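On a predicted model such as this, the values are computed, not experimentally measured, just so you know. Below, all heavy atoms of this structure are taken into account, side chains as well, without hydrogens, waters or symmetry copies.
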Amino acid sequence: MPVILGLAGLLLIALVFGPQVWIRRVLKRHGADRPDLPGTGAELARHLLDEADLQSVQVEKTDLGDHYDPEARAVRLLPQHHDGRSIAAVAVAAHEVSHAVQHARGEPTFARRFHLVSKLVWVERAAIGILLLTPVVFILVKSPVLAVLQVLAAVLVLAIRVLVHIVTLPVELDASFGKALPALMRGRYLAAGDLPAARSVLQAAAFTYVAAALATLLDILRWFR
Ligand SMILES: [Zn+2]
């Protein structure tokens, strides 16, 4: 029995952390400086945005992870992708620009996703609320069963986040493979030999949110301990 529990635990950790480790490794492997590339991530983003007639969308540097902000209409890139000249920088920049294009074209799947994701703030608040109340309930009722149930409830609430990001994966896959990859190929920004690397970076970019949401689930268990 303990062996099975141990294996189940390992499987859970692999499932929860695996995707994030994979994404980090892909970005690192293809993040090496490539002076032969025509520009940095920010330069390519600017170029692709102008080409799509999106001069009003800004390209900014951030420490909060690569993303497109539909409210500020800004493509934000990590310093190494903003200023870097690497396959990771170029592919991530093209991916984020694709979200700006989805937004500008009023693609319904993008709108639906934006709507759903903006509601996730409440999901997170509910989970934190449940967790903060756990010690209080424990003191009042002195029932460990109830405390465990509360933590499980918080995990279930956060599982909604994972679900939302899985359901909206088509938006991410379209950004990577419906728009970014064709744009990179059309403009010949990368040599044919670099396309497999770009493909894996684009795959990683598409799964970023699912991976992050999965990792939060384990944060809860750590908090509980
Ligand atoms: Zn994306």
| task | List the steps and the verdict of side-chain contact (heavy atoms from CB on, under 4.5 Å) for Leu44 and Tyr189. | result | CA-CA 9 Å; Leu44 179 71; Tyr189 301 108; 3.7 Å; yes
Can you give the donor-acceptor pairs under 3.5 Å from side chains of residues 31-40 to other protein atoms, not counting sequence neighbours?
from, atom 1, to, atom 2, distance (Å)
Arg34, NE, Asp36, OD1, 2.9
Arg34, NH1, Asp194, OD1, 3.2
Arg34, NH2, Asp36, OD2, 2.9
Arg34, NH2, Asp194, OD2, 2.7
Thr40, OG1, Glu43, N, 3.1
Thr40, OG1, His82, O, 3.4

| request: Enumerate the residue pairs fulfilling salt bridge (charged side-chain N to carboxylate O under 4.0 Å, His left out) with a member in residues 2-14, sequence neighbours excluded, ordered by first and then second residue. | output: none
| field | Over 12 foreign heavy atoms within 6.0 Å of CZ, Arg85 | value | yes
Sequence neighbours excluded and cut-off under 3.5 Å, please list the side-chain donor-acceptor pairs for residues 202-216, or say none.
from, atom 1, to, atom 2, distance (Å)
Thr208, OG1, Ala204, O, 3.1
Thr208, OG1, Ala205, O, 3.0
Thr216, OG1, Ala212, O, 2.9
Thr216, OG1, Ala213, O, 2.9

Donor-acceptor pairs under 3.5 Å, side chain of residues 101-109 to any protein atom, not counting sequence neighbours: which ones?
from, atom 1, to, atom 2, distance (Å)
Gln102, OE1, His99, ND1, 2.8
Gln102, NE2, Val171, O, 2.9
Gln102, NE2, Asp174, OD2, 2.8
His103, ND1, Tyr68, OH, 2.7
Glu107, OE1, Lys179, NZ, 3.2
Glu107, OE2, Lys179, NZ, 3.1

| task | Flag yes if Phe177 and Val97 sit in one hydrophobic cluster, no otherwise; membership is Ile, Leu, Val, Met, Phe, Trp, Tyr, and two members link when side-chain heavy atoms are under 4.5 Å apart. | result | yes
| request: Kindly state each residue pair satisfying side chain to side chain donor-acceptor pair (under 3.5 Å) with at least one member in residues 136-145, sequence neighbours excluded. | output: none
| request: Check whether Leu146 and Leu140 end up in the same hydrophobic cluster, where Ile, Leu, Val, Met, Phe, Trp and Tyr are linked by side-chain heavy atoms less than 4.5 Å apart. | output: yes
Please list every donor-acceptor pair under 3.5 Å in which a side-chain atom of residues 150-164 meets a protein atom from a residue at least two apart or in another chain.
from, atom 1, to, atom 2, distance (Å)
Arg161, NH1, Glu124, OE1, 2.9

| Under the side chain to side chain donor-acceptor pair (under 3.5 Å) test, residues paired with Lys61 that sit two or more places apart | Asp83
| Minimum heavy-atom separation for Pro19 to Ala14, with atom names? | CD-O, 3.9 Å
| field | hydrophobic_cluster_shared for Ile128 and Phe138, side chain cutoff 4.5 Å | value | no
| said: Ignoring hydrogens, what is the shortest heavy-atom contact between Pro70 and Phe110? Give both atom names and the distance. | reply: CG-CZ, 4.1 Å
| Where Ala45 and Val59 come nearest, the two heavy atoms and their spacing | CB-CG2, 4.0 Å
| What's the shortest heavy-atom distance between Gly193 and Pro196, and which atoms? | O-CD, 3.5 Å
| query | Do the side-chain N and O atoms of Glu172 and His165 include a donor-acceptor pair separated by under 3.5 angstrom? | reply | no
| query | Do you know which two heavy atoms are closest between Ala198 and Leu190, and how far apart they sit? | reply | CB-CD1, 3.6 Å
| said: Given 3.5 Å as the limit, does a donor-acceptor pair link the side chain of His67 with the main chain of Gly65, or not? | reply: yes
| request: Supply the members, apart from Leu11, of the Ile/Leu/Val/Met/Phe/Trp/Tyr cluster built from side-chain contacts under 4.5 Å; use none for a lone residue. | output: none
| note | Applied to residues 87-102, the salt bridge (charged side-chain N to carboxylate O under 4.0 Å, His left out) test, sequence neighbours excluded, yields none
| query | Can you tell if the side chain of His30 reaches within under 4.5 Å of the side chain of Ser86, non-hydrogen atoms only? | reply | no
| Going by the salt bridge (charged side-chain N to carboxylate O under 4.0 Å, His left out) test, which pairs reach into residues 205-214, not counting sequence neighbours? | none
| NZ/NE/NH1/NH2 to OD/OE distance under 4.0 Å, Arg46 and Asp50 | yes
| request: Test side-chain contact (heavy atoms from CB on, under 4.5 Å) on Val92 and Val201 and set out the steps. | output: CA-CA 7 Å; Val92 166; Val201 172; 3.9 Å; yes
| Between OG of Ser98 and CG of Leu181, what distance do you get to the nearest 0.5 Å? | 9.5 Å
| Cation-pi, Trp122 ring and Arg125 (6.0 angstrom, 45 degrees) | yes
| request: Output all residues satisfying salt bridge (charged side-chain N to carboxylate O under 4.0 Å, His left out) with Asp66, sequence neighbours left out; order by chain, then residue number. | output: none
| field | Residue Arg25 excluded, over 12 heavy atoms near CZ under 6.0 Å | value | no
| query | Among pairs that include at least one residue of residues 205-214, which meet salt bridge (charged side-chain N to carboxylate O under 4.0 Å, His left out), considering only residues two or more places apart or in two chains? | reply | none
| task | Kindly check if the number of other-residue, nucleotide or ligand heavy atoms within 6.0 Å of CD (Glu71) is above 12? | result | no
| message | For residues Leu48 and Leu195: do they belong to one hydrophobic cluster (side chain heavy atoms under 4.5 Å, members Ile, Leu, Val, Met, Phe, Trp, Tyr)? | response | yes
| query | What are the two closest heavy atoms between Val167 and Pro170, and how far apart are they? | reply | O-CD, 3.2 Å
| field | Leu120 with Leu169, same ILVMFWY side-chain cluster at under 4.5 Å | value | no
| note | Value for CD1 (Ile87) from OG (Ser200), rounded to nearest 0.5 Å, stands at 8.5 Å
